[in-house]
Number of protein chains: 2
Amino acid sequence: MPVSIIPPVLNPDLRKSAAANSAAAKPKGAFILAAEKAQNPSLNYLLGTLPAADMASLSEHLELVPLRLGDMLYEPNTQLQHAYFPTSAIVSLHYVTASGASSEISGVGNEGMVGISLFTGGNTTPSSAMVHTSGYAYRLERSQLKTEFNRNGKLQQILLRYTQALITQVSQTAACNRHHSVEQQLSRWLLLTLDRITSGEFVLTQELVANMLGVRRESVTAAAASLQDIGCISYRRGHISVINRKDLEKCSCECYAVVRKETQRLLGVS
Amino acid sequence: MPVSIIPPVLNPDLRKSAAANSAAAKPKGAFILAAEKAQNPSLNYLLGTLPAADMASLSEHLELVPLRLGDMLYEPNTQLQHAYFPTSAIVSLHYVTASGASSEISGVGNEGMVGISLFTGGNTTPSSAMVHTSGYAYRLERSQLKTEFNRNGKLQQILLRYTQALITQVSQTAACNRHHSVEQQLSRWLLLTLDRITSGEFVLTQELVANMLGVRRESVTAAAASLQDIGCISYRRGHISVINRKDLEKCSCECYAVVRKETQRLLGVS
DNA sequence: TGCTGTCTGTACGCTACCGAACATATGAGA
DNA sequence: TCTCATATGTTCGGTAGCGTACAGACAGCA
């Protein structure tokens with residue numbers, strides 16, 4: 001039953017103080033994607049919807065940090081110190097069972113935020129947050145987030161809406177885990193992830209995807225081979241590319257469409 | 001694949017105006033449980049935590065309604081008109097797939113509220129809310145809930161904490177659906193439901209439980225028989241009784257304990 | 001008391017997915 | 001260019017849960 005998870009990477013950048021705000025512009029972060037454009041908070045949809053005035057007061061507290069594959073943003077029942085607003089990174093919220101098996105609860109990309117529990121008041125959760133696609137995120141200190149949230153402005157409004165979008169995604173994951181095949185779930189996962197990146201190609205192994213879905217690596221291999229035969233995707237060692245998005249949507253269960261539609265409706269984005 | 005759901009019951013009580021506030025004391029509601037004590041908003045934990053002052057302003061807007069097995073409190077993508085705070089009723093939030101199969105996303109009893117999306121701002125959800133244990137709930141009109149929530153008082157605080165508890169339960173359902181056996185899931189579901197009632201006996205069919213878990217009725221029959229053999233539960237046509245709670249906890253996966261612990265931590269109850 | 005609808009028990013073949021073991025092939029780094 | 005860690009391919013038996021079908025048994029009601 002135990003499914004091996006990527007060994008957590010200690011990303012020294014994540015330990016730096018806010019003083020080292022420009023760290024991301026230095027080599028340590030630059031390796032992630034050389035061609036990546038200069039980062040900007042508004043690349044995150046939640047931050048992007050804030051009026052200029054709100055953003056002005058917030059921006060001095062936002063710290064750009066590079067997130068790398070395997071970085072743990074939080075672990076079960078440990079106090080979160082920051083909320084993360086991904087711009088190009090993608091984070092997986094997942095739960096690891098007592099027997100060591102894992103499964104993703106929800107993904108978080110540039111449409112969302114990691115650290116809901118900071119403003120709901122719980123501060124910790126039984127789940128973990130792991131980076132599965134390297135990139136950048138802006139982070140905000142715990143106390144700052146709480147302060148901003150309690151201003152009852154646009155940030156509170158959009159975070160509450162995002163919370164509902166998150167609940168929708170988690171709910172859909174629950175139903176999907178119950179009723180849909182691995183191939184359908186793989187299609188759903190690829191589509192949801194595709195919506196969070198710009199490139200159309202994923203840099204990840206089938207083993208990692210298997211951990212996300214909570215299935216065996218072999219099951220992912222079989223499903224991926226099937227999708228490749230149909231011509232939806234193509235893949236090679238450590239890479240997956242979506243070739244035909246329309247066909248991939250046909251291979252997915254409705255869960256993808258439900259989540260996407262709700263996310264668009266609630267946040268006005270995708 | 002299609003799993004038949006109980007045909008939605010049109011509960012005339014739910015259509016009455018606030019003027020018929022005392023409806024619950026009349027025969028229509030009385031049948032539910034003759035021995036049931038007079039209802040009181042503080043039987044719901046969320047309402048129960050409110051300071052007297054907050055409660056005073058709220059209580060005039062709270063309407064006691066009887067909820068009966070099969071009542072639908074909301075359906076996918078339709079505007080909610082009320083938030084419900086169960087006292088003795090239990091509601092199932094569930095999703096019905098495109099092929100007609102259903103599975104529970106979370107249960108809501110006297111520890112919670114049905115209608116989160118009213119204050120998050122979405123107003124609708126892709127899921128449904130169906131009563132699976134008859135009883136009572138206090139309800140609050142949509143606009144009243146929003147007004148109260150935006151006061152930024154204790155109600156907002158406790159609702160945000162409840163939202164996190166809900167996310168925990170949904171997340172755990174997702175992981176449980178992926179990794180645990182029907183017998184473990186049945187045990188978890190019975191325990192969670194047991195925490196929401198006072199009697200120790202459930203009035204429900206195996207078919208209904210199967211719809212909740214999203215599995216076949218026969219799978220529930222087998223799991224229930226197994227639990228009965230062990231001596232955890234006993235059941236007869238339309239009734240399930242928990243005989244030995246400790247043993248039932250041993251038959252459950254850790255998901256029950258995780259949800260219960262988090263609920264207690266976040267709400268200080270259950 | 002007897003009828004009847006509904007709830008529960010049982011059986012059968014089937015399929016998807018699991019667990020384990022091992023073969024092959026890729027590509028990053030020496 | 002070669003090496004080797006690691007990613008992917010393949011196989012095989014096992015099993016949990018599904019879909020279907022039907023039998024028995026309970027309980028509400030006439």
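All values reported here derive from a predicted model rather than from experimental measurement. In the text below, chain A, chain B and the rest are named by the order of the sequence lines, each starting its count at 1.
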Test item: side-chain donor near acceptor, [X] and [Y], under 3.5 Å:
X	Y	result
B:Tyr95	A:Gln172	yes
A:Ser241	A:Glu201	yes
A:Glu75	A:Ser128	no

With respect to the side chain of [X], which nucleotide from [options] is positioned closest?
X	options	result
A:Val215	C:dT26, D:dG9, C:dC18	C:dC18
B:Val182	D:dG17, D:dT8, C:dC17	D:dG17
B:Ser181	D:dC26, C:dG9, D:dG17	D:dG17
B:Arg237	D:dA27, C:dC17, C:dG9	D:dA27

Below 4.0 Å: OP1/OP2 of D:dC18 and any side-chain N or O of B:Ser219: yes

C:dT26 OP1/OP2 closer than 4.0 Å to side-chain N/O of A:Tyr235: no

Distance (rounded to the nearest 0.5 Å) between B:Asn177 CG and A:His179 NE2: 7.5 Å

Spacing between [X] atom [atom1] and [N] atom [atom2], to the nearest angstrom:
X	N	atom1	atom2	value
B:Gln206	D:dA25	CD	P	16 Å
B:Asn211	C:dC7	CG	P	11 Å
A:Phe202	D:dA7	CZ	C1'	18 Å
A:His239	C:dA25	NE2	P	19 Å
B:His180	C:dC18	NE2	C1'	15 Å
B:His179	D:dG17	NE2	C1'	17 Å
A:Asn177	C:dC17	CG	P	12 Å
B:Glu207	D:dC18	CD	C1'	15 Å

Residue closer to the 5' end of DNA chain C, B:Gly238 versus A:Glu218 (nearest nucleotide): B:Gly238

Residue whose closest nucleotide on DNA chain D lies nearer the 5' end, A:Arg178 versus A:Leu204: A:Leu204

Side chain to side chain contact (heavy atoms under 4.5 Å, CB included) partner of B:Phe202, the single match among B:Ile90, B:Thr133, B:Leu194: B:Leu194

Side-chain-base donor-acceptor pair under 3.5 Å for [X] and [N]:
X	N	result
A:Arg236	D:dT8	no
A:Arg216	C:dG19	yes
A:Arg217	D:dG9	yes

